[in-house]
Amino acid sequence: MNLPPFDLILFVPAAFILLGGALFLKTLRFRTRAQKVDVRLVKGEEFGALRKDGRMAVRLSYKYTAADGRVIQADRISLRWSIPTIGSRRTMLVDPEKPQTLHRQGIREYLVPLALVLTGTIILFMTVVKL
């Protein structure tokens, strides 16, 4: 049986693990700097075609008052079943260095890095077991 070089075999799982680690560190860095802000939805508009599952791409515009007193409007794009009520309020996370970028609170940002690291680890384990 003709196998590729060992270092080439390890490259794929290592790439998954390193990419997952980098994304995890990026998320962790954001979370340590992020501030909670109360935002108000000022505009919601649908764009693009309706998907087969019934969800639509929407651009939601939020306004909030920054710590320094400036009123900032920030847009988010997401898939939704419907556009929320204009004037509704929610708490979101914002990076003070990028005040126009809002992020929802939750653990979703950690799921992709975790999936990449787990995939890389499984591939690495399966590769080592076969060798």
Side-chain angles (χ1 to χ4, degrees):
M1 182 185 227
N2 201 4
L3 291 174
F6 189 68
D7 56 345
L8 183 62
I9 292 173
L10 293 180
F11 174 76
V12 173
F16 274 93
I17 293 168
L18 289 174
L19 181 60
L23 287 174
F24 176 81
L25 290 175
K26 180 182 178 210
T27 300
L28 190 63
R29 189 182 74 202
F30 167 75
R31 288 295 182 110
T32 58
R33 292 188 318 211
Q35 298 174 345
K36 290 183 180 182
V37 292
D38 292 321
V39 298
R40 183 175 51 89
L41 182 64
V42 293
K43 182 178 163 186
E45 60 184 353
E46 176 185 348
F47 67 94
L50 190 66
R51 292 172 26 136
K52 290 180 183 179
D53 64 1
R55 292 191 292 176
M56 59 185 153
V58 294
R59 179 178 294 113
L60 303 173
S61 297
Y62 293 97
K63 279 190 179 178
Y64 71 94
T65 304
D68 61 5
R70 293 180 295 154
V71 175
I72 296 174
Q73 182 167 336
D75 293 339
R76 282 188 43 88
I77 296 173
S78 64
L79 289 174
R80 295 183 147 294
W81 299 105
S82 63
I83 296 174
T85 307
I86 304 299
S88 60
R89 295 183 176 277
R90 68 183 312 170
T91 301
M92 298 185 94
L93 298 174
V94 64
D95 184 344
E97 295 176 11
K98 297 178 186 176
Q100 281 77 21
T101 305
L102 296 173
H103 296 274
R104 290 177 49 190
Q105 295 183 37
I107 62 165
R108 290 190 322 173
E109 297 90 15
Y110 292 109
L111 294 180
V112 171
L114 178 64
L116 288 170
V117 169
L118 282 175
T119 302
T121 304
I122 291 169
I123 293 171
L124 181 63
F125 177 74
M126 297 303 289
T127 302
V128 171
V129 167
K130 286 187 178 187
L131 294 177

Trace of the side-chain contact (heavy atoms from CB on, under 4.5 Å) decision for M56 with I83: CA-CA 9 Å; M56 59 185 153; I83 296 174; 4.2 Å; yes

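Side-chain atoms of M92 and R104, non-hydrogen and from C-beta on, do get closer than 4.5 Å to each other. You'll find the side chain of L102 reaches within 4.5 Å of the side chain of Y64, heavy atoms only. Using a 4.5 Å heavy-atom cutoff, the side chains of D95 and T101 are not in contact. At least one side-chain heavy atom of L93 sits less than 4.5 Å from a side-chain heavy atom of K36. Residues T121 and I17 have side chains in contact (heavy-atom distance under 4.5 Å, counting atoms from C-beta outward). Contact check for F24 versus L116: no side-chain heavy atoms found under the 4.5 Å cut-off. R90 is not listed as a side-chain neighbour of P84, based on a closest heavy-atom distance of 4.5 Å or more. For the pair D75/Q73, a side-chain contact is recorded, criterion being any heavy-atom separation below 4.5 Å from C-beta on.
Listed here is the closest heavy atom pair of A74 and Q100: CB-O, 3.2 Å. Residues G20 and P113 approach most closely at O-CB, 3.2 Å, considering heavy atoms. Pairing each heavy atom of E46 with each of V58, the nearest pair is CA-CG1, 4.2 Å. G44 and L60 get closest at one heavy-atom pair: CA-CD2, 4.0 Å. Shown here for I72 and P99, the closest heavy-atom pair between the two residues is CD1-CB, 3.4 Å.
I86 and Y62 fall within a single hydrophobic cluster, where Ile, Leu, Val, Met, Phe, Trp and Tyr are joined by side-chain heavy atoms under 4.5 Å apart, directly or via other members. Under the 4.5 Å side-chain heavy-atom criterion for ILVMFWY residues, no single connected hydrophobic cluster contains both V112 and L118. No chain of hydrophobic side-chain contacts below 4.5 Å, direct or via other Ile, Leu, Val, Met, Phe, Trp or Tyr residues, connects V117 to I122. With hydrophobic clusters built from ILVMFWY side chains whose heavy atoms lie under 4.5 angstrom apart, V39 shares a cluster with L41. In the hydrophobic clustering of ILVMFWY residues, with side-chain heavy atoms under 4.5 Å counting as a link, L23 and F30 come out apart.
Summarising the local packing, CG of L111 is surrounded by more than 12 heavy atoms from other residues, nucleotides or ligands at distances under 6.0 Å. Taking a 6.0 Å sphere around CZ of F125, one finds it holds 12 or fewer heavy atoms contributed by other residues, nucleotides or ligands.
To the nearest 0.5 Å, the span separating NZ on K98 from CZ on R33 amounts to 7.0 Å. The OG1 atom of T27 sits 9.5 Å away from atom CZ of R29, with the distance rounded to the nearest 0.5 Å.
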